[in-house]
Amino acid sequence: MLARKLSETFIAIVVTSVLTGCDAPVSPGPTAEQSSVLRNNNPELKQRQADFLNRIRQADPAHQTIERALLNEQNELGLILGRTVEMDKIPDLMRTILTQMAGEFPGQDLTVLAYAPSSPPRKIGTAHLNAGTHDMSYTPAQ
C-alpha cells in the first residue's frame with residue numbers, strides 16, 4: 001500500500017515537472033542519439049525536440065517512471081516506462097505528456113507510444129492527439 005502511494009506521488013511529481021517545464025538547465029543541443037533520429041528536421045525543430053526530451057529526462061533523473069524517452073523522425077515520442085508504473089496510470093500519464101507536447105509542437109498531430117521495460121521493449125499502448133479536433137485517445141496494445 002505504501003509502495004503504491006509512493007509510486008502515485010512520484011508519477012504526480014514527474015507529470016507536474018514536465019508540465020511546468022522544469023527549471024533545470026537544458027543541455028546545449030541534442031545528443032548524438034537525438035541527432036540521428038532528428039536529422040531530417042529543421043534546426044529550430046531539432047532544438048525544440050531536444051529541449052522537450054531533456055525536460056522529460058530531467059523530471060525523472062532516477063528513471064523510476066520513464067526509463068527512456070526518444071523522438072523519431074515523425075515526431076512520435078516513445079517512452080519506455082519503469083517497472084513501478086501501474087497499468088491503470090498509463091493513460092493519464094500519456095494524456096499529460098500529449099498535452100505538454102501540444103504546447104511545444106502546436107498544430108501537429110502527435111503520438112506517444114508506451115513500452116514495457118523488457119528486452120526487447122514490448123508495446124503497452126498508444127496515445128494520439130488530433131491537432132485539428134484536439135481529441136486525445138489512448139489505445140492499449142493487444
Side-chain angles (χ1 to χ4, degrees), residues 1-41 44-142:
M1 183 69 148
L2 178 59
R4 179 181 178 161
K5 187 68 173 169
L6 288 173
S7 175
E8 289 174 4
T9 301
F10 185 77
I11 289 172
I13 291 168
V14 168
V15 167
T16 301
S17 296
V18 169
L19 283 175
T20 59
C22 290
D23 291 331
V26 175
S27 65
T31 65
E33 179 180 35
Q34 292 164 344
S35 294
S36 69
V37 297
L38 304 174
R39 65 184 169 273
N40 293 329
N41 295 327
E44 179 188 330
L45 180 59
K46 281 190 215 181
Q47 187 60 51
R48 286 189 303 150
Q49 289 172 321
D51 291 347
F52 182 74
L53 285 172
N54 285 332
R55 281 198 311 273
I56 290 172
R57 293 171 179 152
Q58 290 169 353
D60 185 13
H63 307 291
Q64 293 180 358
T65 301
I66 298 172
E67 287 188 7
R68 292 187 72 195
L70 303 164
L71 279 164
N72 67 17
E73 292 176 3
Q74 292 77 39
N75 207 30
E76 296 173 329
L77 177 64
L79 300 174
I80 298 178
L81 302 179
R83 297 186 190 287
T84 61
V85 178
E86 296 175 24
M87 294 298 284
D88 63 334
K89 302 294 182 197
I90 294 172
D92 289 337
L93 176 63
M94 303 282 272
R95 284 184 187 94
T96 300
I97 297 290
L98 273 175
T99 301
Q100 178 66 25
M101 280 184 77
E104 189 67 33
F105 308 104
Q108 295 183 27
D109 289 342
L110 301 169
T111 302
V112 179
L113 305 155
Y115 294 91
S118 55
S119 184
R122 182 180 49 85
K123 189 173 170 183
I124 298 170
T126 303
H128 183 75
L129 171 69
N130 181 313
T133 63
H134 301 288
D135 289 333
M136 286 188 204
S137 63
Y138 175 76
T139 307
Q142 298 294 335

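What's counted below: heavy atoms across the whole structure, side chains too, no hydrogens, waters or symmetry copies.
- The minimum heavy-atom distance between A114 and I90, with the atom names listed, is CB-CG2, 4.3 Å.
- When all heavy atoms are compared, the tightest approach of N75 to M101 is O-CE, 3.7 Å.
- Listed by chain and number, the residues in a side-chain hydrogen bond (donor to acceptor under 3.5 Å, both in side chains) with T126 are K123 (sequence neighbours excluded).
- Heavy atoms only, all atoms of each residue included: L71 and Q49 are closest at CD1-CB, 3.5 Å.
- Within the structure, every pair that satisfies the salt bridge (charged side-chain N to carboxylate O under 4.0 Å, His left out) test and touches residues 103-120, not counting sequence neighbours, is listed here: R55-E104.
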Q | Audit row: L98, Y138, side-chain contact (heavy atoms from CB on, under 4.5 Å) steps and yes/no | A | CA-CA 11 Å; L98 273 175; Y138 175 76; over 6 Å; no
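- Rounded to the nearest 0.5 angstrom, I66 CD1 and R57 CZ are separated by 10.5 Å.
- Between Q100 and L77 there is no side-chain heavy-atom pair separated by less than 4.5 Å.
- Closest of all the heavy-atom pairs between I56 and A69 is CG2-CB, 4.0 Å.
- Judged as a side chain to side chain contact (heavy atoms under 4.5 Å, CB included), and not counting sequence neighbours, the contacts of E44 are N42, R48.
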Sequence neighbours left out, cut at 3.5 Å: what donor-acceptor pairs do the side chains of residues 115-122 make with other protein atoms?
from, atom 1, to, atom 2, distance (Å)
S118, OG, P120, O, 2.7
S118, OG, R122, N, 3.1

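- Proximity of T99 to M136: side-chain heavy atoms (C-beta onward) are separated by under 4.5 Å at one or more points.
- Residues satisfying the side-chain hydrogen bond (donor to acceptor under 3.5 Å, both in side chains) test with E67, not counting sequence neighbours, are none.
- Considering all non-hydrogen atoms of both residues, Q64 and T84 come closest at O-OG1, 3.3 Å.
- A donor-acceptor contact closer than 3.5 angstrom links the side chains of E76 and N72.
- Within the structure, salt bridge (charged side-chain N to carboxylate O under 4.0 Å, His left out) pairs that include any residue of residues 124-133 do not occur (at least two apart or interchain).
- Going from atom CG of N54 over to atom CD of Q47 covers 8.5 Å, rounded to the nearest 0.5 Å.
- Taken to the nearest 0.5 Å, the OG1 atom of T65 stands 14.0 Å off from the CZ atom of R83.
- If you take CD1 on I97 and CG on L79, they are separated by 6.0 Å, rounding to the nearest 0.5 Å.
- To the nearest 0.5 Å, atoms NE2 (H128) and OG1 (T139) are separated by 10.0 Å.
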